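These figures come from a predicted structure and were not determined experimentally.
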Amino acid sequence: MKQPWAGLLTAALIVLFLLHNDIWWWDDATLVLGLPVGLAFHVALCGAASLVFWLITRKAWPEDLE
């Protein structure tokens with residue numbers, strides 16, 4: 001990885017990994033946009049993961065592989 005982005009993107013991956021285990025919403029029946037709050041959280045988490053992996057391919061992909 002290129003140095004300026006390496007630490008930030010690694011930290012983002014670790015945060016996404018830790019947030020994936022959302023035990024705090026297992027017993028919550030609240031609905032968000034018609035979905036249970038835990039499922040809505042995972043939809044948002046997938047969007048965030050997509051953004052982080054897009055950033056990894058744009059900012060941290062080795063140029064010698066092109």
Hey, quick one: are V43 and L51 part of the same hydrophobic cluster, counting side-chain heavy atoms closer than 4.5 Å, chains of contacts allowed? no
Which residues pass the side chain to side chain contact (heavy atoms under 4.5 Å, CB included) test with I23, not counting sequence neighbours? W26
Atom of N21, atom of F17 and distance for their closest heavy-atom approach: ND2-O, 3.6 Å
Other residues, nucleotides, ligands: >12 heavy atoms within 6.0 Å of L33 CG: no
Quick check: is W5 connected to V15 through a chain of hydrophobic side chains (ILVMFWY, heavy atoms under 4.5 Å apart)? yes
Any pair counted as side-chain hydrogen bond (donor to acceptor under 3.5 Å, both in side chains), so long as it reaches residues 42-55, sequence neighbours left out: D22-H42
Where is the tightest heavy-atom contact between V32 and A40, given as atom of each residue plus distance? CB-CB, 3.9 Å
Tell me whether F41 shares a hydrophobic cluster with L39, the cluster being built from Ile, Leu, Val, Met, Phe, Trp, Tyr side chains joined at under 4.5 Å. no
Those residues at least two apart in sequence (or on a different chain) that pass side chain to side chain contact (heavy atoms under 4.5 Å, CB included) with V52 are A12, L13, L16, I56
Hydrophobic clustering (ILVMFWY, side-chain heavy atoms < 4.5 Å, transitive) - are I14 and L45 grouped together? no
Members besides L31 in its Ile/Leu/Val/Met/Phe/Trp/Tyr cluster (side-chain heavy atoms under 4.5 Å): none
Side chain to side chain contact (heavy atoms under 4.5 Å, CB included) partners of D28, counting only residues at least two apart: W25, T30, V37
